[in-house]
J.: 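Provided herewith is a single structure, encoded as structure tokens, for subsequent inquiry.
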Amino acid sequence: MKDVIIEAKEVKKTLGRGAGQVQALRGIDLSLRKGELTLLMGPSGSGKTTLLLILGCMLTPSSGTVAVCGVSTSDADKEGLAKIRRDHIGFVFQSYHLFPTLTAAQNVQLALDIRDHRGRDAAKKAREALALVGLEQKAKALPDSLSGGEQQRVAIARAFVANPSVILADEPTSALDSDNGRAIMHILSEAAHERDRAVLVVTHDPRIVPFADRIIEIEDGVLVAGKAGEPEPARMPKAAAWP
Ligand code: ADP
Ligand code: MG
């Protein structure tokens, strides 16, 4: 069995207050392994983003446990969680979240900067990460001058420049056309299969299915494919990816 990078057990999360309170997650068991691209699918409001934020240590569960690379997040304070994020996690948001006044290269380099990795070597690493997503020519471009697909590629370069053990991506192709969506999925697939990372992609786009090693479905805060939350791997034919 491949190394487990993230393990969630009996994770529950309540959001909001009073009458507006929602049980967003109602007992999730899930493991993410090295070298595997997992898809998390489910309707809008089913708890996908909440689960991703908890796995990425940006939100804490109301109950249950999360361990990242064997380290439990339960005892970690704010700074401890930030350290786990810095050491292990790369996050890709649906809407890119790039800093508009920084160039593509500076946006990527920021991920190294917050890890105290600065100077010439950091600049070189940022350029290399941009090259990996096919954007070396755009290193000096500001986000505004880039297409949506290019901005998402910068965001992905930023997520993996610091060599995280896991990449978590929240609907990374939803704002993109087919060609750009396919390019993004190829990059994430390569991160899992050639760089041996754990990759979890939230989506409701069926065109992404052929890229998956495993598909997990969530409905109303519960994993539905497999009672214990560990559904059988859905091995899909890779060749059929994207129309
Ligand atoms: P998804 O990403 O699958 O669309 P979310 O994880 O964003 O779902 O949301 C799960 C549920 O939690 C939804 O019912 C949503 O309305 C609710 N929710 C999300 N964020 C909050 C919040 N800050 N306060 C109250 N309810 C929330
Ligand atoms: Mg969401």
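The figures here come from the full heavy-atom set of this structure, side chains too, leaving out hydrogens, waters and symmetry mates. Both counts, for ligands and for their atoms, begin at 1 and track the order of listing.
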J.: With side chains defined as the heavy atoms from C-beta onward, is the minimum distance between Leu130 and Lys138 less than 4.5 Å?
T.: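 No; the side chains remain at least 4.5 Å from each other.
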J.: Looking at side-chain heavy atoms only, is the closest gap between Ile5 and His88 below 4.5 Å?
T.: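 Side chain of Ile5 against side chain of His88, heavy atoms only: no contact under 4.5 Å found.
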J.: Ignoring water, what protein N, O or S atoms are under 2.8 Å from the Mg ion (ligand 2)?
T.: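 The answer is Thr49 OG1.
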J.: Tell me, with the steps shown, if Asp87 and Arg85 meet salt bridge (charged side-chain N to carboxylate O under 4.0 Å, His left out).
T.: CA-CA 6 Å; Asp87 288 350; Arg85 287 200 299 273; over 6 Å; no
J.: Keeping the roles fixed (side chain from Arg127, backbone from Ala139), state whether a donor-acceptor pair exists under 3.5 Å.
T.: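 No, the answer is negative, given that no donor and acceptor are paired below the 3.5 Å cut-off.
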J.: Mind checking what residues have non-hydrogen atoms under 4.0 angstrom from ligand 1?
T.: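 Its neighbours under 4.0 Å (heavy atoms only) are Leu15, Gly16, Val22, Ala24, Pro43, Ser44, Gly45, Ser46, Gly47, Lys48, Thr49, Thr50, given by chain and number.
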J.: Between Arg195 and Asn163, do the side chains contain a donor N or O and an acceptor N or O under 3.5 Å apart?
T.: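 Per modelled atom types, Asn163 and Arg195 side chains form no pair under 3.5 Å.
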J.: Given side chains that start at C-beta, do those of Asp170 and Phe93 come closer than 4.5 Å, heavy atoms only?
T.: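 The answer is no; the side chains never approach within 4.5 Å.
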J.: Could you go through residues 57-79 and list every donor-acceptor pair under 3.5 Å that involves a side-chain atom there, pairing it with any protein atom two or more places apart or in another chain?
T.:
from  : atom 1 : to    : atom 2 : distance (Å)
Ser62 : OG     : Thr14 : N      : 2.9
Ser72 : OG     : Ser74 : N      : 3.1
Ser72 : OG     : Ser74 : OG     : 3.2
Thr73 : OG1    : Val66 : O      : 3.2
Asp77 : OD1    : Glu79 : N      : 3.3
Asp77 : OD1    : Gly80 : N      : 2.7
Glu79 : OE2    : Arg86 : NH2    : 3.1

J.: Taking Thr173 for the side chain and Leu176 for the main chain, is one N or O donor matched with an acceptor at less than 3.5 Å?
T.: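 Between the backbone of Leu176 and the side chain of Thr173 there is no qualifying donor-acceptor contact (under 3.5 Å).
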J.: Can you name the side chain to side chain contact (heavy atoms under 4.5 Å, CB included) partners of Ala131, sequence neighbours left out?
T.: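 Partners of Ala131 under the side chain to side chain contact (heavy atoms under 4.5 Å, CB included) test: Glu136.
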